[in-house]
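Taking it in order: structure first as structure tokens, then the write-up.
Below, all heavy atoms of this structure are taken into account, side chains as well, without hydrogens, waters or symmetry copies. Because the structure is predicted, anything quoted here is derived from the model rather than measured.
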6 protein chains.
Amino acid sequence: MPFINIRITKEGATAEQKQKLIEGATQLLVDVLGKNPASTFVIIDEVETDNWGVGGQSVTKLRADAKK
Amino acid sequence: MPFINIRITKEGATAEQKQKLIEGATQLLVDVLGKNPASTFVIIDEVETDNWGVGGQSVTKLRADAKK
Amino acid sequence: MPFINIRITKEGATAEQKQKLIEGATQLLVDVLGKNPASTFVIIDEVETDNWGVGGQSVTKLRADAKK
Amino acid sequence: MPFINIRITKEGATAEQKQKLIEGATQLLVDVLGKNPASTFVIIDEVETDNWGVGGQSVTKLRADAKK
Amino acid sequence: MPFINIRITKEGATAEQKQKLIEGATQLLVDVLGKNPASTFVIIDEVETDNWGVGGQSVTKLRADAKK
Amino acid sequence: MPFINIRITKEGATAEQKQKLIEGATQLLVDVLGKNPASTFVIIDEVETDNWGVGGQSVTKLRADAKK
């Protein structure tokens, strides 16, 4: 009964990619700890880039600076 | 000062239902642990069905399969 | 498939009390949203009073001040 | 490599204010624990007022009552 | 800069297994979304079985019932 | 009523340092968003270095490698 929460910036992950994240994370817990996939939850949170900071900068600013 | 986080799939919970979840969760901590409701936080997160997986499948897919 | 996380200070909640929190939280989601208890997760986190702050004070300090 | 999650009600925090929260939280971990800002994550979650309860009431209701 | 939180019951996961979870989860985000492993955080929380409930029962009770 | 969760590796943060984190985080929300400190929660989670990974490595391993 693992619970896996994946938090990523909201930058266009597709439904297919999110399905792959769900499959991969679930399979990882089967492979490493023999967990039952039927009772494994995966939740993906997509966070606006204004709302995610690294090194004291929002990702919005980091992305903008990277384009300069 | 309990903090209760309720995560559900985003499938149409109404404001009234969410108020009932807030009331019920707060009252539960009063009844079981004698906690002060005035300093009890309840946060409800509603998660898109593409972003929630069980058994390696997104809830979007599970719901679709259930209708077949 | 709700996921409910209850965070409380680590101040002696018994196994019986935690079982009641699990039962009550699960039943709440059945009553309000008709959710399936078999796929409802409840996780209780107990946090040291040094590690929980309200009003800028740790709960350890608040409890000590309350005894003065 | 601290991870700081700030949860606030969704009531109009601007991009500038969120940048200040990111800067301030990152600097706090530098000042108090000497952490490396480059590997400090800050995530801000903005929660609808229907979805946040205090004292058994949603913030939506609390705000409405406060205006009466 | 993904953040992955894996919550499992505290039932003897070894340091090696936790290292595999960290590797696998990090690699998953590289494979699916091309994320930079250097800025990918994985945090594993191990939860006491008294503190984790499914179907309204603590895992402690579920495990005990399974042995009967 | 902000909720701030600070997650750090479990590497000896003192009660005084944690009190400073609580004060600083609370004051930050006062300064930036004018929030009421009396209803501001700060929770600090200290995570074992085996349980925290960056770049696919546990912090335990990263620390050991840094000493070589």
Side-chain angles (χ1 to χ4, degrees), chain B, chain D:
Chain B
M1 54 197 76
F3 172 79
I4 304 153
N5 180 208
I6 300 172
R7 309 204 81 183
I8 52 176
T9 44
K10 192 165 193 160
E11 297 184 284
T14 65
E16 291 69 29
Q17 288 174 316
K18 291 187 273 195
Q19 174 59 39
K20 280 186 185 157
L21 290 177
I22 289 168
E23 281 166 26
T26 305
Q27 191 58 45
L28 177 65
L29 274 290
V30 174
D31 297 344
V32 177
L33 293 176
K35 295 292 185 182
N36 175 2
S39 58
T40 296
F41 280 8
V42 179
I43 290 185
I44 300 164
D45 292 321
E46 296 174 87
V47 178
E48 301 290 347
T49 57
D50 276 359
N51 290 37
W52 192 308
V54 180
Q57 295 290 342
S58 74
V59 170
T60 303
K61 204 167 176 311
L62 292 172
R63 297 287 187 248
D65 292 351
K67 284 178 190 156
K68 284 175 188 164
Chain D
M1 55 198 74
F3 172 79
I4 303 153
N5 179 210
I6 299 173
R7 309 203 82 183
I8 54 176
T9 44
K10 191 164 195 162
E11 298 183 283
T14 64
E16 291 69 29
Q17 288 173 316
K18 291 187 273 193
Q19 174 59 38
K20 280 184 184 159
L21 289 178
I22 289 168
E23 281 165 27
T26 303
Q27 191 59 46
L28 177 63
L29 273 289
V30 174
D31 297 344
V32 176
L33 293 176
K35 296 292 186 181
N36 175 3
S39 57
T40 296
F41 280 9
V42 179
I43 289 184
I44 300 164
D45 291 320
E46 296 174 87
V47 178
E48 300 291 346
T49 57
D50 275 358
N51 289 37
W52 193 309
V54 180
Q57 296 289 342
S58 75
V59 170
T60 304
K61 205 167 176 310
L62 291 172
R63 298 286 188 248
D65 291 350
K67 284 177 189 158
K68 283 175 188 165

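Going from atom OG of D:Ser58 over to atom NZ of B:Lys20 covers 14.0 Å, rounded to the nearest 0.5 Å. The distance from atom CD of D:Gln57 to atom CD of B:Gln19, rounded to the nearest 0.5 Å, is 5.0 Å. Here the straight-line distance linking atom CG of D:Asp45 with atom CG of B:Asn5 works out to 9.0 Å at 0.5 Å rounding.
With a threshold of 4.5 angstrom between heavy atoms, D:Glu48 does not approach chain B through any atom at all. Both the backbone and the side chain of D:Val54 come within contact range of chain B, with heavy atoms under 4.5 Å apart.
When every heavy atom of B:Lys18 is checked against every heavy atom of D:Asn51, the shortest pair comes out as NZ-OD1, 3.0 Å.
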Item to check | Check against side-chain contact (heavy atoms from CB on, under 4.5 Å), B:Glu46 and D:Asp50 | outcome: CA-CA 11 Å; B:Glu46 296 174 87; D:Asp50 275 358; over 6 Å; no
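For D:Lys35, the NZ atom is densely surrounded, since the number of other residues' heavy atoms within 6.0 Å is greater than 12.
For the side-chain contact (heavy atoms from CB on, under 4.5 Å) with D:Trp52, the qualifying choice from B:Ile43, B:Val42, B:Ile44 is B:Ile43, the only one to do so.
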